[in-house]
Amino acid sequence: MTLRRYVFAAIRRTLLAAGILTLLMLLLSSQDADNNVHQGLLLEEDSNLTPEEKLMEEAAIAETEKRLYERRKFLADKCAKEGLDRAGNDSLHRPNAWEFLVNREYHLIWCNVFKAASTSWMYNFNLLAGYSPQFLKASKAVPVSLARQKYPRYTADELNKFLNDSISFLIVRHPFERLLSAYRDKLEHSLPHTFHSNLGAHIVWNYRSRDPKTNGRHGPRYPLFEEFVQWLLCQWKAGNELDMHWTPVVIFCTPCQVRFDVIAKFETLHEDQDYLIKQAHVGHIIKPEWKNPTRGVQTKDVIKNYFAQLSKSQIKDLYEMFRYDFVLFGYSPDEYIALGRDENTVLICKN
């Protein structure tokens with residue numbers, strides 16, 4: 001072999017080795033990207049961020065992931081301690097697939113807890129189903145009815161299968177805060193001749209004291225919060241089916257029987273939603289907005305005005321009704337019990 005041929009052969013071997021090395025580096029880089037959740041969450045629209053902004057973004061994602069992991073672990077521990085993770089035939093020990101919305105295109109599964117950002121996420125799921133913002137704004141149809149035209153109800157076995165390749169989530173809030181929001185929205189501000197307006201009239205008729213002089217019932221057309229609570233406790237103790245707006249989450253979404261990847265909370269809703277949207281890669285369709293139709297803000301003073309109508313014993317009974325929601329998601333009733341009147345109230349139920 002001449003010197004010239006020897007040099008060319010050495011160059012070819014060098015180029016081949018360099019090509020193989022480059023290919024290996026690309027493959028390793030691709031695997032790292034797949035295994036690195038942070039990289040997966042940084043969308044194309046974040047490419048314009050400065051290095052400092054990217055570091056802040058990654059730190060925020062890491063903090064959210066840590067918080068969500070702790071919530072999943074906390075839930076699993078409490079489910080096991082309460083015996084709710086065991087299979088059974090009652091409503092607490094079998095998965096309730098009826099209330100889940102499953103988007104197969106974007107592999108996103110949501111259990112809709114009413115009065116827990118449900119308006120926002122029903123809108124989001126309708127967008128993901130293909131409805132345009134213009135159509136949703138103009139439509140007079142109930143959003144959940146529109147959604148059910150696109151999202152069929154699946155069996156528990158089908159839901160369990162879809163969970164394998166999807167991100168599942170639910171949003172929770174303090175049980176008493178959710179209950180008060182439902183009361184204000186559905187009864188206090190109910191429109192005339194609607195289902196909840198008629199329900200309110202029924203509660204007033206049965207749970208408001210009559211004036212002995214006129215034999216009439218004075219006060220607003222809607223039930224006072226105390227009247228609503230009396231009726232609700234009677235419904236619960238009788239084992240009657242409850243309205244979806246105040247059904248406990250443990251029954252509605254059976255979180256001890258269904259795996260949830262993301263447990264979002266009102267207290268950190270903005271960060272939790274942002275993380276979820278990025279992880280699902282749907283930021284080009286939906287935004288982490290919060291649509292809250294309830295009239296008025298539930299400040300501490302507002303909450304105090306309502307719960308001061310109740311006795312401590314009534315609030316403790318409400319706690320028993322929602323006890324699993326308190327226990328599973330780490331909430332406390334103490335602040336609310338302290339607002340109640342210092343008296344024991346005897347619950348008298350009427351038809």
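Values below: every heavy atom of this structure, side chains too, minus hydrogens, waters and symmetry copies. Everything quoted here is computed from the prediction, not taken from an experiment.
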Closest approach of [X] and [Y], non-hydrogen atoms and distance?
X	Y	answer
Asp317	Lys237	OD2-NZ, 4.0 Å
Pro248	Leu242	CD-CD1, 4.1 Å
Ile203	Pro223	CG2-CB, 3.7 Å
Phe176	Leu318	CE2-CB, 3.6 Å
Lys115	Ser118	N-OG, 3.3 Å
Glu105	Leu128	OE1-O, 4.3 Å

Please confirm whether Lys186 makes a cation-pi placement over Phe228, using NZ or CZ under 6.0 Å from the six-membered ring centre and within 45° of the ring normal. no

Stepwise, does the side chain to side chain contact (heavy atoms under 4.5 Å, CB included) test hold for Tyr306 with Glu188? CA-CA 12 Å; Tyr306 285 92; Glu188 192 174 84; 2.8 Å; yes

Once rounded to the nearest 0.5 Å, what's the spacing between atom [atom1] of [X] and atom [atom2] of [Y]?
X	Y	atom1	atom2	result
Gln230	Arg208	CD	CZ	11.0 Å
Ile109	Leu159	CD1	CG	5.5 Å
Leu101	Lys150	CG	NZ	13.5 Å
Ile167	Gln279	CD1	CD	4.0 Å
Ser120	Ile286	OG	CD1	10.5 Å
Thr64	Leu276	OG1	CG	11.0 Å

Under the criterion side-chain hydrogen bond (donor to acceptor under 3.5 Å, both in side chains), which of Lys73, Arg72, Lys66 is the partner of Glu70? Lys66

Could you give me the CA-CA distance, side-chain angles and deciding distance for Ile285 and Tyr106, then say whether side chain to side chain contact (heavy atoms under 4.5 Å, CB included) is met? CA-CA 11 Å; Ile285 301 175; Tyr106 295 101; 2.9 Å; yes

Taking atom [atom1] of [X] as the centre, does the number of heavy atoms from other residues, nucleotides or ligands within less than 6.0 Å exceed 12?
X	atom1	answer
Glu53	CD	yes
Glu343	CD	yes
His218	NE2	yes
Asp90	CG	yes

If the plane angle is over 60° it's perpendicular, under 30° parallel, otherwise tilted; pick one for Trp121 and Trp110.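 Rings of Trp121 and Trp110: tilted, 30 to 60°.
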
Should the pair Tyr222 and Tyr183 be assigned to parallel (<30°), tilted (30 to 60°) or perpendicular (>60°) ring geometry?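 Ring orientation of Tyr222 relative to Tyr183: perpendicular.
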
What about the rings of Phe225 and Phe307, do their centers lie closer together than 6.0 Å?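 Between Phe225 and Phe307, the centre distance is under 6.0 Å.
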
Should the pair Glu267-Arg67 be classified as a salt bridge under the 4.0 Å nitrogen-to-oxygen rule?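 Between Arg67 and Glu267 there is no salt bridge, as every charged N stays at least 4.0 Å from the carboxylate O atoms.
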
Ion pair check, Lys316 and Glu320, cut-off under 4.0 Å: no

Tell me whether [X] shares a hydrophobic cluster with [Y], the cluster being built from Ile, Leu, Val, Met, Phe, Trp, Tyr side chains joined at under 4.5 Å.
X	Y	result
Val262	Ile171	yes
Trp205	Leu187	no
Met56	Tyr275	no
Met244	Ile251	no
Leu127	Phe135	yes

Check each of Phe100, Phe125, Phe162 against Tyr151 using the ring-ring contact (aromatic ring centres under 6.0 Å, His included) test, and report the only one that passes. Phe125

Going by heavy atoms in the side chains, are [X] and [Y] under 4.5 Å from each other?
X	Y	value
Asn160	Pro95	no
Glu226	Gln314	yes
Asp325	Tyr331	no
Leu310	Thr345	no
His174	Glu335	no
Asp342	Lys312	yes
Glu99	Asn112	no
Val113	Arg178	yes

Side chain to side chain contact (heavy atoms under 4.5 Å, CB included) between Arg71 and Lys265, worked out: CA-CA 10 Å; Arg71 288 177 187 170; Lys265 285 189 173 185; 3.8 Å; yes

Give a yes or no answer on whether the side chain of [X] reaches the backbone of [Y] with a donor-acceptor pair at less than 3.5 Å.
X	Y	answer
Asp261	Ser168	yes
Arg153	Trp98	yes
Ser181	Glu177	no
Ser311	Arg341	no
Tyr207	Lys350	yes

Is a side-chain donor-acceptor pair under 3.5 Å present for Asn240 with Gln235? yes

For His245 and Asp185, test the side chains for any donor-to-acceptor distance below 3.5 angstrom and give the result as yes or no. no

Partners meeting salt bridge (Lys or Arg N to Asp or Glu O under 4.0 Å) with Arg221 (sequence neighbours left out): none

List the steps and the verdict of side chain to side chain contact (heavy atoms under 4.5 Å, CB included) for Ser166 and Arg104. CA-CA 8 Å; Ser166 301; Arg104 295 301 297 147; 3.4 Å; yes

